[in-house]
Amino acid sequence: MLWQRALAVAALPYVVWLVFAYEYHFLDGVNLAFHEAGHLFLSFLGQTLHMLGGTLGQLFFPAACAVHFWRSDRPFEAALMGVWGGESLMNVARYLGDAQAQALPLVGGHLHDWHWLLSRLGLLPWCETLAALLHVAASALAIAALALAAGLAFGRREDEAVAV
């Protein structure tokens with residue numbers, strides 16, 4: 001469909017920007033809401049899951065949306081949710097990389113999730129390396145998801161797309 005092709009083309013510079021110059025932006029406000037909700041929903045399962053809850057919450061929603069679209073036979077939309085998942089993972093990488101410096105502003109408290117988690121695992125000095133590796137994985141996810149979306153949008157003729 002034409003709208004899918006247009007959206008896939010429009011998403012290309014966004015994904016390139018994410019991979020090479022990611023910074024906090026509008027979509028991260030949505031991720032932040034899901035992050036905080038994750039803390040709330042997992043807070044009763046102990047301190048470790050409470051701390052992981054933010055990251056799990058912000059990664060759960062793009063994945064849940066992707067599953068919903070996939071099960072609704074809407075693979076293009078599911079692939080775009082993969083781009084969101086990659087973007088959300090980049091946001092996690094940014095937060096993870098800040099664990100030692102703790103320079104990012106925190107919402108609702110003084111406890112940095114990843115500082116707490118990595119300190120307990122003895123990995124705090126590795127936070128920036130782990131964040132860089134996570135960014136690479138997130139970039140691969142975003143690129144693969146966009147490639148899938150573009151393949152779906154451009155891989156079939158317009159008359160086939162109308163029949164679907």
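Of all heavy-atom pairs between A99 and C127, the closest is CB-CB, 3.9 Å. Across A93 and A131, no two heavy atoms sit closer than the pair O-CB, 3.1 Å. Between L146 and A8, the shortest heavy-atom contact is CD1-O, 3.7 Å. Residue A138 comes nearest to G86 through the heavy atom pair CB-O, 3.4 Å, listed as atom of the first residue, atom of the second, then distance. Smallest separation of non-hydrogen atoms from L59 and G85: CD2-O, 4.4 Å. Taking all atoms of both residues into account, the shortest heavy-atom contact from S119 to L124 is OG-CD2, 3.6 Å.
By the criterion of side-chain heavy atoms lying less than 4.5 angstrom apart, applied directly or through intervening Ile, Leu, Val, Met, Phe, Trp or Tyr residues, M90 is grouped together with F61 in one hydrophobic cluster. Note on L123: it does not cluster hydrophobically with V136, by side-chain heavy-atom contacts below 4.5 Å among ILVMFWY residues. When hydrophobic clusters are built by joining Ile, Leu, Val, Met, Phe, Trp and Tyr residues whose side-chain heavy atoms come closer than 4.5 Å, directly or via intermediates, V92 is not grouped with V19. By the rule that hydrophobic residues join a cluster once side-chain heavy atoms approach within less than 4.5 Å of another member, F41 and L56 end up as members of separate clusters. Residues V67 and M81 fall into different hydrophobic clusters, defined by Ile, Leu, Val, Met, Phe, Trp and Tyr side chains chained together at heavy-atom separations under 4.5 Å.
Separating the CD atom in E77 from the CG atom in L152 is a distance of 9.5 Å, to the nearest 0.5 Å. We find the CG-CD distance between L27 and E87 to be 4.0 Å, quoted to the nearest 0.5 Å. How far CG of L7 is from CH2 of W3: 6.5 Å, rounded to the nearest 0.5 Å. Within the model, atoms SG of C65 and CZ of F60 stand 8.5 Å from one another, a figure rounded to the nearest 0.5 Å. Between the OG1 atom of T48 and the CG atom of L42 there is a distance of 11.5 Å, given to the nearest 0.5 Å. With rounding to the nearest 0.5 angstrom, the CG atom of L133 is 7.0 Å from the OG1 atom of T129.
A 4.5 Å side-chain heavy-atom check between F69 and P75 finds every atom pair outside the cut-off. Proximity of M51 to L111: side-chain heavy atoms (C-beta onward) are separated by under 4.5 Å at one or more points. Put simply, the side chain of L118 reaches to within 4.5 Å of the side chain of L96, judged on heavy atoms. Contact of the W114 side chain with the T55 side chain is registered, since non-hydrogen atoms from C-beta on lie closer than 4.5 Å.
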Could you list the donor-acceptor pairs under 3.5 angstrom formed between side-chain atoms of residues 100-107 and any protein atom two or more places apart in sequence or on another chain?
unit_1 : atom_1 : unit_2 : atom_2 : d
Q102   : NE2    : H115   : ND1    : 3.1

Derivation and outcome, side-chain contact (heavy atoms from CB on, under 4.5 Å), residues Y24 and L32: CA-CA 11 Å; Y24 190 92; L32 179 60; 4.0 Å; yes
Residues H35, D113; criterion side chain to side chain donor-acceptor pair (under 3.5 Å); working and verdict: CA-CA 11 Å; H35 179 99; D113 306 347; 3.0 Å; yes
Steps toward side-chain contact (heavy atoms from CB on, under 4.5 Å) verdict (F34, V30): CA-CA 7 Å; F34 293 138; V30 175; 3.5 Å; yes
Full working for side chain to side chain donor-acceptor pair (under 3.5 Å) between N91 and N31: CA-CA 8 Å; N91 178 260; N31 293 333; 5.0 Å; no
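The aromatic rings of H112 and Y95 sit tilted, their planes meeting at an angle between 30° and 60°. Classified by interplanar angle (parallel below 30°, tilted 30° to 60°, perpendicular above 60°), the ring pair W17/H25 is perpendicular. Taking the six-membered ring for Trp and thresholds of 30 and 60 degrees, Y22 and H135 have ring planes inclined between 30 and 60 degrees apart.
A donor-acceptor pair is defined here as one N or O able to donate and one able to accept, closer than 3.5 Å; such a pair exists between the side chain of S43 and the backbone of L40.
Other residues, nucleotides and ligands place more than 12 heavy atoms under 6.0 Å from the CH2 atom of W116. Counted within 6.0 Å of CD on E128, heavy atoms from surrounding residues, nucleotides or ligands total 12 or fewer; the atom is thus considered open.
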